[in-house]
Number of protein chains: 2
Amino acid sequence: MKRITIKDIAKMLNISASTVSRALGDHPDVSAHTKKRVKEIAQKFKYKPNLQARYFRNKHSGLIAIILPQINKFFSADFLEGVNAELFGSSYSSILFQSGNQLNQEKQLIDYCQSWAIEGLLLSVSGQTAQLDHLNTLYDFDIPVVLVDRVIDDKRFSTVRIDDKKTSMIATEHLIKKGHQKIVGFFGNPSLQMTKQRHEGFIAALDKYNIKHNEENCLFFTETKQLEIIAKVKELENYSAIFCMSDELLVDVHYAIQSLSWSIPTDKALVSISDGNPPNYLYPRISHIKHSGFDVGKTATHLLLSKIRSQNLKVEHVKVQVDMIDGAST
Amino acid sequence: MKRITIKDIAKMLNISASTVSRALGDHPDVSAHTKKRVKEIAQKFKYKPNLQARYFRNKHSGLIAIILPQINKFFSADFLEGVNAELFGSSYSSILFQSGNQLNQEKQLIDYCQSWAIEGLLLSVSGQTAQLDHLNTLYDFDIPVVLVDRVIDDKRFSTVRIDDKKTSMIATEHLIKKGHQKIVGFFGNPSLQMTKQRHEGFIAALDKYNIKHNEENCLFFTETKQLEIIAKVKELENYSAIFCMSDELLVDVHYAIQSLSWSIPTDKALVSISDGNPPNYLYPRISHIKHSGFDVGKTATHLLLSKIRSQNLKVEHVKVQVDMIDGAST
DNA sequence: CTGTTAGCGCATTCAT
DNA sequence: ATGAATGCGCTAACAG
């Protein structure tokens, strides 16, 4: 069966295509009678407007693109839910891509997106991305970009994320206030700005309480390899508490602790920055700062849509609210 | 700055738009000289083809839609990775929607997708979906649909999933072979066909070994509420082993067991059908049947693309390979 | 209230 | 080897 178009309806009723278009759009100029006839036919033959054609005609694509390094289990799922929640009913749809955490793929995808005539982009940069020259064209063509979560400083683009430094500072202070002095921090890819800032916050908290530290207090993992992490955890007998900057690290550290038959929080206290999922099914519940992917997604999308709609070109840096959630791990 | 079109390039070079179009497409008829000039200008002014226009002209949208009940942490992320992996370089892009596990939203989205002139659909149905009348139009218009994971029997549509019954049978047998006779099964929404089949497999395994059972052996949870699950687990002193049909259930059951200070596998053995993630960071490692979302996504997308490209209208029911992975929980 | 015309960007005839 | 003309489906300006 063939898809029916406005023209087809027009022919059937011996009226013009524009009248059909207007009738379907409930334009006030069209008589109730005509509207009724048009809508009946439309219904009967399952007419669906062709959005590609409509948007094309109106010179806007109705598409925004999302580029993530990867669709990982923890943050991304919530993030996408947030984006979708905000997009629902907005007349915009999202096309989703993953850069595989590689800069050259990220570049390719950004090019590709532009061919799709996207009207906006939500970007979480790859671990290899150090600056944003590959967004020049988007900027030149006034296509709004909102950087999320993993961001890079660039005065041209708005960002939505948590206050990484403050967040990890709070988490670390939480441990200190519980009486811990020997604290070790687990961090991800050190080339990411997010990692740098979470690291800074960790150090700042230690400094604030005059707790001595050196390089050994901070462990970095470019890729989270469970075995490597377990090996490291084994060597932490002198520490009484562990800070994890992400869920990826948390789950492996937690596993390591359990496999060593250490108990939480007696032998090792544990705190994490997390999307809030693993802390609720790891035992005991993990004290964490909730970094809600949903909120980041929703907020970023809201901002992006407002930019698209109002040509709001003011650069904003939104810090999403975080909450400290007390578990039994500290 | 304004985006440049073929026409603009044509004007700049005082040649016709069709020549530019051909030059950009490396059509053999165009002289090397012209090609060079055209490409230089294109590069200089950052020309990007407008895919919407191109696809529109060629009467195909280049879009496939993905509709999931929700983008949950466990299965969906891997699934989307699989889809994207297969789509990469395919000249197709995906638009992603979530039905919120509600039939009316699912219907709305399917309508909406058709307005996008999608060329194919990957659908995992909502928990409320009992039959597939709302796919009639897609079927009538020859738009291929592949049902994934959560499927519904319908002779019109291909499916990609695991062999649910066999899978849970194997998992249950695994427990039985380890000497367990008192086994309880945790199941999700009982209205889903997936749940029914996993339940059947569970029962079949018990029957095969002449293990008596009744309704109390099988617990169903329409929504996975941790508290409810913990309460149930508490009552399982007479059982020596637990089967979980999904990761969602596994993590909560595991938490419950730990909170009761029962040890795994001594007090309770534990086996699950899983995407393979939680089993690796819960302690001890959980024996599970790996239900790879990635494989399902990749396979389903591959099938969908083949249907789109070759008008392959044969209905196929693909069962994705699963592996039993021995952990320390059994 | 309705019809005619035109054009969004592109690729494909059919010319030359 | 290049150009002119056409139309994909839709809507908006203009005309009546």
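The chains referred to below are lettered A, B, ... by the order of the sequence lines, with proteins before strands, and numbering in each begins at 1.
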Within this structure, what is the [atom1]-to-[atom2] distance between [X] and [N], rounded to whole angstrom?
X: A:Leu13; N: C:dG3; atom1: CG; atom2: P; answer: 10 Å
X: B:Asp8; N: C:dC10; atom1: CG; atom2: P; answer: 9 Å
X: A:Gln52; N: C:dG9; atom1: CD; atom2: C1'; answer: 13 Å
X: B:Gln114; N: D:dG9; atom1: CD; atom2: C1'; answer: 17 Å
X: A:Asp29; N: D:dA12; atom1: CG; atom2: C1'; answer: 12 Å
X: B:Tyr55; N: D:dC10; atom1: OH; atom2: C1'; answer: 21 Å
X: B:His60; N: D:dG7; atom1: NE2; atom2: P; answer: 21 Å
X: B:Ile6; N: D:dG7; atom1: CD1; atom2: P; answer: 19 Å

Side chains of [X] and [Y], donor plus acceptor under 3.5 Å:
X: A:Asp8; Y: A:Thr5; answer: yes
X: A:Ser21; Y: A:Ser18; answer: no
X: B:Gln70; Y: B:Ser76; answer: no

## Note on the structure
side-chain contact (heavy atoms from CB on, under 4.5 Å) test vs B:Arg150 passes for just one of B:Leu68, B:Asn101, B:Asp164, namely B:Asn101
For a quick test of reading the model: is some side-chain N or O of [X] closer than 4.0 Å to OP1 or OP2 of [N]?
X: A:Thr5; N: D:dG9; value: no
X: B:Lys59; N: D:dG9; value: yes
X: B:Lys48; N: C:dG9; value: no

### Message
Does this structure show an ion pair linking A:Asp29 with A:Arg22, if we count only N-O contacts that are shorter than 4.0 Å?
### Response
no
### Message
Tell me whether A:Phe56 and D:dC10 count as stacked here, given that the ring centres must be under 5.5 Å apart and the planes must differ by less than 30 degrees.
### Response
no
### Task
Counting heavy atoms from C-beta on, name the nucleotide in D:dT2, C:dT2, D:dG9 closest to the side chain of B:Val30.
D:dT2
### Query
Checking all strands, does B:Asn50 fall into the base, sugar-phosphate, or nothing category for heavy-atom contacts under 4.0 angstrom?
sugar-phosphate
### Message
Before you tell me yes or no, could you show the steps for B:Tyr55 and A:Trp116 under ring-ring contact (aromatic ring centres under 6.0 Å, His included), namely the whole-Å CA-CA distance, both residues' side-chain angles and the distance that decides it to 0.1 Å?
### Response
CA-CA 10 Å; B:Tyr55 286 147; A:Trp116 268 111; 5.6 Å; yes
### Message
What's the separation between atom CG in B:Leu135 and atom CD1 in B:Ile152, rounded to the nearest 0.5 Å?
### Response
9.0 Å
Dump the pairs, protein N or O against N or O of nucleotides 12-16 of chain C, anything under 3.5 Å, distances to one decimal.
residue	atom	partner	partner atom	Å
C:dT12	O4'	B:Arg57	NH2	3.1
C:dT13	O4	B:Arg22	NH1	3.4

## Note on the structure
Note: for A:Ile4 and B:Asn14 on DNA chain D, the residue whose nearest nucleotide lies more 5' is B:Asn14
